[in-house]
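These notes are about the structure you will find just below.
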Amino acid sequence: MKVLQEIIANAKRAQKRIVLPEGLEPRTLRAADIILKEGIARLIILGNPAEVRQEAEKLGVNLTRAVIVDPATDPRREKYADMMVEIRKNKGLTMEEALALLNNPLYFAPLMIKAGDADGELAGAINATGDVLRPAFQYVKTLPGVSVVSGAFLMFINDPNIGHEGILVFADCAVLPDPDENQLAEIAVTTARTARAIVGLEPRVAMLSFSTKGSASHIMVDKVVNATRKAREMDPDLKIEGELQVDAALVKEVAQLKAPGSEVAGRANILVFPTLESGNIGYKLVQRLAKAEAIGPVLQGMAAPINDLSRGCSVTDIVNMVAITANQAAATF
Ligand code: ACO
């Protein structure tokens, strides 16, 4: 896949420092071996160094070029704990509580990023989405002007006539169960930025619904119509259309019938789903039935790139997601 090769080439040029909190996880260590060998990123692996090295030896992987950091003994713990107490002062976090949280690599990693000691994080091979995201939400927070984090998937479809040379970007498929119209507008705008930065495409955003341009009226349709208007206000140059059914978004002949004259309908390359249910179900249907390659979720809207793996991920998934995280770290949003 040409785009994936470009993502990896960009990562190699950027040489970002990516922290991997799951330092004893075998797929992560095998992926680290490949990433270091190919020079895709610099890696910081969290864990007890003796245990990490022992596991690496058992797996026959070479981690000599990785920096191994032990969250339990690292000299930066006090500094990080101070930062945590300051960030969570409204929540009454104490120094003692902060130091205890830092024993957990899923807290230590975002603090490394916050302190400028790492550029991005990838975790989730053995931890649930919420456990990876909560510390990131709390300490790294969102980009200025963005209030919610969401998750996009790059879908590689076996048809170059669909989307951008066969690539569609779907969101939100991973984070926000029931976005309101403001949040949905933000998801549209941030997904366009992700698609531009990672895939290099010129966004054409379809705001999906079960209705096209007033064919049905329902409170759920109103949400999408209002979100489309708000996204236009947030980014007046964005090519965006809504509400659209997915066939009107993707198929020229249907678009001509249902949304004539639209510069997005029939040729959308970004699909924004109205809820997490539809987004998550939608990407998995396309992945399984259309045999599309799904890469993600690429988390967007966070002040620094932190990505979450599926627990069923492969070594290749981890390598690709480290490359994507490095691309996000190199991009200016
Ligand atoms: N963006 C930014 N900040 C957020 C977001 C968001 N989308 N969601 C929650 N937060 C913040 C909150 O403001 C809160 O901050 P605070 O502590 O400073 O007040 C903090 O994160 C915790 O918020 P909670 O409401 O307690 O959130 P919780 O931790 O319960 O849930 C979570 C967050 C886990 C991400 C939840 O939204 C969730 O479970 N989403 C679905 C995840 C999922 O299962 N996805 C499908 C699987 S992934 C896949 O298939 C690829």
Side-chain angles (χ1 to χ4, degrees), residues 22 27 83-94 97-98 101 104 106-107 109-111 113-114 121-156 168-191 193-194 198 227 234 271-288 292-314 316-318 320-321 324-325 328 333:
E22 295 163 335
R27 287 163 298 170
M83 290 168 61
M84 292 170 77
V85 168
E86 175 60 25
I87 293 167
R88 303 291 284 174
K89 61 178 179 244
N90 295 341
K91 308 273 174 181
L93 185 80
T94 65
E97 287 166 340
L101 286 173
N104 179 346
L106 295 175
Y107 279 84
L111 264 295
I113 294 173
K114 191 74 190 167
E121 173 193 342
L122 180 66
I126 45 169
N127 284 289
T129 298
D131 295 334
V132 175
L133 295 193
R134 219 167 289 112
F137 289 161
Q138 291 176 344
Y139 294 99
V140 172
K141 299 189 184 283
T142 50
L143 281 167
V146 177
S147 69
V148 285
V149 172
S150 56
F153 270 87
L154 313 185
M155 304 297 298
F156 294 79
L168 288 170
V169 182
F170 286 13
D172 172 19
C173 305
V175 185
L176 207 62
D178 190 13
D180 65 23
E181 58 194 40
N182 293 311
Q183 293 169 330
L184 197 57
E186 275 190 21
I187 291 170
V189 171
T190 49
T191 307
R193 288 184 197 161
T194 299
I198 308 285
M234 288 171 70
L271 301 184
V272 174
F273 292 82
T275 62
L276 180 55
E277 276 176 330
S278 52
N280 191 270
I281 294 168
Y283 104 77
K284 285 178 191 284
L285 279 176
V286 175
Q287 180 187 35
R288 298 292 166 181
E293 173 105 13
I295 297 185
V298 180
L299 294 183
Q300 46 189 19
M302 199 105 68
I306 296 180
N307 282 312
D308 174 42
L309 294 160
S310 152
R311 273 175 283 184
C313 66
S314 66
T316 308
D317 292 335
I318 300 176
N320 290 342
M321 283 307 297
I324 285 179
T325 309
Q328 288 177 288
F333 288 99

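Computed from heavy atoms alone, side chains included, the values below leave out hydrogens, waters and symmetry copies. Counting starts at 1 for both ligands and their atoms, in listed order.
Glu186 CD to Leu176 CG: the interatomic distance, rounded to the nearest 0.5 Å, is 9.5 Å. Rounding to the nearest 0.5 Å places CG of Asn307 at 12.5 Å from CD1 of Ile318. Distance check: Glu277 CD to Asp172 CG gives 12.5 Å after rounding to the nearest 0.5 Å. In this structure, the separation between CZ on Arg88 and CD on Glu97 is 10.5 Å, given to the nearest 0.5 Å.
Scanning all heavy atoms of the two residues, the minimum distance from Arg27 to Cys313 falls at NH1-O, 2.8 Å.
There is no side-chain donor-acceptor pair under 3.5 Å between Glu121 and Thr325.
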May I have the N/O to N/O pairs between ligand 1 and the protein that fall below 3.5 Å, each with atom names and distance to one decimal?
{"residue": "ligand 1", "atom": "1 (N)", "partner": "Val149", "partner atom": "N", "Å": "2.8"}
{"residue": "ligand 1", "atom": "7 (N)", "partner": "Val149", "partner atom": "O", "Å": "3.1"}
{"residue": "ligand 1", "atom": "17 (O)", "partner": "Arg88", "partner atom": "NH1", "Å": "3.3"}
{"residue": "ligand 1", "atom": "17 (O)", "partner": "Arg88", "partner atom": "NH2", "Å": "3.0"}
{"residue": "ligand 1", "atom": "17 (O)", "partner": "Gln138", "partner atom": "NE2", "Å": "3.2"}
{"residue": "ligand 1", "atom": "18 (O)", "partner": "Arg88", "partner atom": "NH1", "Å": "2.7"}
{"residue": "ligand 1", "atom": "19 (O)", "partner": "Lys91", "partner atom": "NZ", "Å": "3.0"}
{"residue": "ligand 1", "atom": "29 (O)", "partner": "Arg134", "partner atom": "NE", "Å": "2.3"}
{"residue": "ligand 1", "atom": "29 (O)", "partner": "Arg134", "partner atom": "NH2", "Å": "3.4"}
{"residue": "ligand 1", "atom": "37 (O)", "partner": "Val175", "partner atom": "O", "Å": "3.3"}
{"residue": "ligand 1", "atom": "40 (N)", "partner": "Val175", "partner atom": "O", "Å": "2.8"}
{"residue": "ligand 1", "atom": "45 (N)", "partner": "Ala174", "partner atom": "O", "Å": "2.8"}
{"residue": "ligand 1", "atom": "50 (O)", "partner": "Asn280", "partner atom": "ND2", "Å": "3.0"}

